[in-house]
Amino acid sequence: MPSPAGGPVAVAAASAAAAPALGISPDMYPTEDDLAYEEEILREPFKLKGWWRYLVARAAAPFAKRAVIYERALKALPGSYKLWHAYLRERLDHARPHPISHHAYASLNNTFERALATMHKMPRVWVLYLTSLLDQRLLTRARRAFDRALRALPVTQHDRIWPLYLRLASLPACPVETSLRVFRRYLQYDPSHAEDFIDFLISANRWQEAADRLAAVLNDDGFRSVKGKTRHQLWLELCEILTKHADEVAGLKVDAILRGGIRKFTDEVGKLWTSLADYYVRRTLYEKARDVFEEGVASVMTVQEFSVVFEAYTQFEQSMLAAKLEAAEEEGAGSEGEEEAGRKNGMDKLSKKFLADCWLNDEDDTDLRLARFERLLDRRPELLSSVLLRQNPHNVEEWHRRVKLFEKDPTRQVATYVEAVKTVDPMKAAGKPHTLWVAFAKMYEKHNRLDSAEEIFKKATQVNYKAVDHLASIWCEWAEMELRHNNFDKAIELMRQATAEPSVEVKRRAAAEGDEPVQLKVHKSLKLWSFYVDLEESLGTLESTRAVYERILDLRIATPQIVLNYAYLLEENKYFEDAFKVYERGVKIFKYPHVKDIWVTYLTKFVRRYQRSKLERARELFDEAVKQAPPQEKKVLYLQYAKLEEDYGLAKRAMNVYDEAVRAVPNSEKMSMYEIYIARAAELFGVPRTRQIYEQAIESGLPDRDVMTMCMKFAELERNLGEIDRARAIYVHASNYADPNSHPEFWNKWNEFEIQHGNEDTFREMLRIKRTVAASRSQTHFILPEYLMQRDQRLNLDEAVDTLKRAGVPEDEMANLERQLAPGPSTAPPVPSTATAPANRMMNFVSAGVQAQAESSSRQQQAAAANNEDIELPDESDEEEDDVQIAEKSVPAAVFGELGKRAAENREEESSGAQENEQLGALERIKRRRQ
């Protein structure tokens, strides 16, 4: 290439002068700003650096001017990939806004062709060119360009060309044959994309080749789907093509392919069976399709698959019937024209005359198709039962349901039972397999075929069942059948045969084989023996019945109910001692809780029989019974024992039994036992005898609530006996167990007691104890100021006044009482030391002997306060209340003195001066003091 000559100024002047002559716009020529770049490229025209700086500097120039620079640069450097790529990109951007018919695209294509003369090994240039041709929809030129690119580029770079080539083949305007050739070439390059070709074949309705390609893919064990499809999905696609386009696909064994899929893909069996039938329907092989449907409903394994096949089968039969009805209507409309043609043809007329009455010549099979359709619908329950039995042939309940389907067909029932007993394995059966044999025999019995029924039962007894109870049920059902037909001796003989113990030789042989059948164990079946003994009781003699019972006891398979039944049988026949021996054997065989009923019945019957004649033996029996019984079962026995002593023994021994009972029963039953103990002691020995029991109950470790309840009852007893101080001491002791917040009923009871029998001191003492107990049971303690303590005292005073007001005290007397109970000022004179004695007295029981001292001190207190208008009470400081301690002590023996010594004195006092010993209320005491 010749280098430019002359300086830049001369070149610019020459260019400007030649521009008008050549018809080139002056803007295309270099300007004064371009002189520096022009000088550089004139000095070094074959270096890319200068040209590139020139292009970057003129980035804002019009495309035409930049194209001139590109052309000049490429003329100097035709092998520069950088220049060609930038030039082609700018030409693409320049042509894109224009329609494809614009001359800019022609210039663009020309530029690409010129670039490929030197850049044919550059894949990016080919990609730009091919993309541009696809956008211009120049299919032929693009196809040729694709071929040139594949030939020019190495194979390792073909993956950049083929996606665009496949895009060309997928265009709607591309001929199908061209697309097929392109895809086939592509599969030679990359066989893994066979699915794309198959999809194209399906879209192009090329079903034959699509089926062939799918079959080849499925036969290739090394094929892996790039779209993530499983072989199952590909198989279903092939089946769909084969069935829906049966007329267009040839050369493939459709039946073998679909049956292979049925064996291989078990989760789509129903769909594959319907596809195979549909294939034959499209081939107009209707009978073959019906056979396929029948085979399908007879081989599917699940209810869902059965539903799919059966639904398709019914639709097929319904469509066949509908098609025949439509054809019959069309034939009726054209029958007149056929009759005229028949007159003209004598041979046809003669043939119709001879074959008119032949059923083979009847082309109208509408009735046959209707009968097939109805028969199919009627067979649905039977077919569904077959499916369930194929899932589990050892399902006993399903076999019973299948038999019910043939209630009107005994022959089918017999066949079903025979198939059932042959199919069901007793070791694998779901349900009770012996019920099949029983139902089979009962069916023969229902039809008065007793010999056949007995034969069935005989075979049933030889089956090796999983459980002994199943074989025992067979024997019992056989005997019941004989009883229903009044064959009593035969029924008993069957039971003897069933309960006979196998010989030693038979046992030895079974032990050698290692698998002991149930026939060697059935002689120990309790169900069998129970039925046998019922038969003997109803039909046999006493001796035979006793022999059966003894055999049951010897085999050690008896239950408590059998023991009771045996004893009851002996009692009915007046064998009382033998019955008691049976009871003795029963209590030795069984343990608690099973032996409970035997002991209770035994003791009841023994006491009723002998009463007081064998009292020592009865006591020994009761002692043995309570010794064996667990604590929770002893209450009933102790009550029965005590009843024996009360009725036929000694009352003192009865009390000892009750005393032993309250110690032996569990804690949850002690309260109720003590109540019974107290009630019986009061009835037998009088109320005073109960004091010792109350004392024992309070100290026996009962729960707090039960102790509180017992103390309340004890206090009520003492109050009724006139022992007020004792009752009050019991209330004080019970306060340790009664939280005022949780047990308000106790404090209300004590409150009422003090209103009726107490005075102001005892009432204040009760309130103090209540406050102390509440404070001791609270979880949080506060140190209160003095004014709050005074307010607390005032609240207690108000509470006492409200209580007296609810008791019916008049208002004026209440006011006087309030003034008397109100705390005095700090300057009040000191109170006598005797007034502090009740406040400092320890809370506990007090002896009955201190009652006189209390009354004398009360009289002295009344005398000391006779000249005062108000009753002054000692001030209770905070320190004194803090020093008070509530002590829990055992109940003193003085409270529960011997009531026998004081009984006579109490009766004399009650007869001589009941009015003198009457307790006065709080209000009456205040009135006497004021007087």
Side-chain angles (χ1 to χ4, degrees), residues 426 432 434 457 460-480 482-483 488-573 575 577-599 601-602 628:
K432 299 178 180 179
H434 70 279
F457 275 123
T461 57
Q462 299 173 2
V463 177
N464 186 17
Y465 298 98
K466 187 177 182 180
V468 177
D469 188 64
H470 296 168
L471 181 56
S473 300
I474 292 290
W475 283 107
C476 294
E477 291 290 344
W478 191 356
E480 286 182 359
E482 298 296 344
L483 292 175
F488 304 120
D489 296 337
K490 190 170 184 179
I492 294 177
E493 183 62 29
L494 284 174
M495 287 296 101
R496 289 199 187 101
Q497 180 182 351
T499 55
E501 186 174 359
S503 62
V504 179
E505 183 64 28
V506 175
K507 290 183 179 180
R508 187 182 298 111
R509 190 183 305 114
E513 293 176 358
D515 185 13
E516 186 178 5
V518 292
Q519 281 75 11
L520 301 182
K521 307 174 186 177
V522 73
H523 68 283
K524 291 186 178 181
S525 173
L526 179 60
K527 181 176 182 179
L528 204 59
W529 281 104
S530 300
F531 187 81
Y532 187 14
V533 79
D534 289 342
L535 281 181
E536 289 292 350
E537 287 186 16
S538 303
L539 305 173
T541 62
L542 178 61
E543 295 303 324
S544 63
T545 307
R546 291 188 64 177
V548 175
Y549 273 119
E550 290 295 334
R551 182 61 178 159
I552 293 175
L553 293 175
D554 293 341
L555 290 174
R556 304 185 68 84
I557 59 174
T559 62
Q561 188 60 46
I562 289 180
V563 174
L564 295 176
N565 293 342
Y566 187 16
Y568 183 70
L569 173 68
L570 294 175
E571 290 173 9
E572 280 185 338
N573 293 274
Y575 291 91
E577 281 300 327
D578 292 342
F580 294 147
K581 291 180 181 179
V582 172
Y583 285 126
E584 289 288 345
R585 294 179 66 180
V587 297
K588 291 179 181 178
I589 293 174
F590 299 102
K591 303 297 181 183
Y592 269 92
H594 309 291
V595 77
K596 176 183 177 181
D597 294 334
I598 299 179
W599 269 119
T601 307
Y602 183 19
Q628 293 183 8

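Computed over heavy atoms, backbone and side chain alike; hydrogens, waters and symmetry mates excluded.
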Interatomic distance, OH@Y583 vs CD@E571, rounded to 0.5 Å, equals 4.0 Å
Between the CZ atom in R551 and the CD1 atom in I557, the distance rounded to the nearest 0.5 Å is 8.5 Å
Check: Q519 side chain, V463 main-chain N or O, donor-acceptor pair, under 3.5 Å: yes
Quick check: do W529 and L555 have side-chain heavy atoms less than 4.5 Å from each other? yes
Heavy-atom check, side chain of V582 versus side chain of Y549, under 4.5 Å: no
Separation of L570 CG from N565 CG (nearest 0.5 Å): 11.0 Å
Given side chains that start at C-beta, do those of V595 and P560 come closer than 4.5 Å, heavy atoms only? no
Measure the shortest side-chain to side-chain distance between I562 and S530 over non-hydrogen atoms and say whether it is less than 4.5 angstrom. yes
So do the side chains of L539 and L483 get within less than 4.5 Å of each other, counting heavy atoms only? yes
In the structure I gave you, are the side-chain heavy atoms of K527 and F531 within less than 4.5 Å of one another anywhere? no
Heavy-atom count around K521 NZ within 6.0 Å, excluding the residue itself: above 12? yes
With rounding to the nearest 0.5 Å, note down the distance linking CG in L526 to CD in Q561. 11.0 Å
Nearest 0.5 Å, please: how far is OG1 in T461 from CD1 in I474? 8.0 Å
Considering non-hydrogen atoms only, spot the tightest contact between Y592 and Q628 and give its length. CD1-O, 3.6 Å
Establish, for the pair R585 and Y566, whether the NZ or CZ atom is under 6.0 angstrom from the six-membered ring centre and no further than 45 degrees off its axis. no
Are any of the side-chain heavy atoms of H434 and D469 separated by less than 4.5 Å? no
CG of L471 to CD of Q462, rounded to nearest 0.5 Å, is 10.5 Å
Identify the heavy atoms of L528 and C476 that sit nearest to each other, and give their distance. CD1-SG, 3.9 Å
If you look at every heavy atom in S544 and E536, which pair is closest and at what distance? OG-OE1, 2.8 Å
Hey, are the side chains of V563 and I589 touching, using non-hydrogen atoms and a 4.5 Å cut-off? no
Output side-chain donor-acceptor pairs under 3.5 Å for residues 488-498, partner residues at least two apart or in another chain, one line each.
from, atom 1, to, atom 2, distance (Å)
K490, NZ, E454, OE1, 3.2
K490, NZ, E454, OE2, 3.0
R496, NE, Y532, OH, 3.4

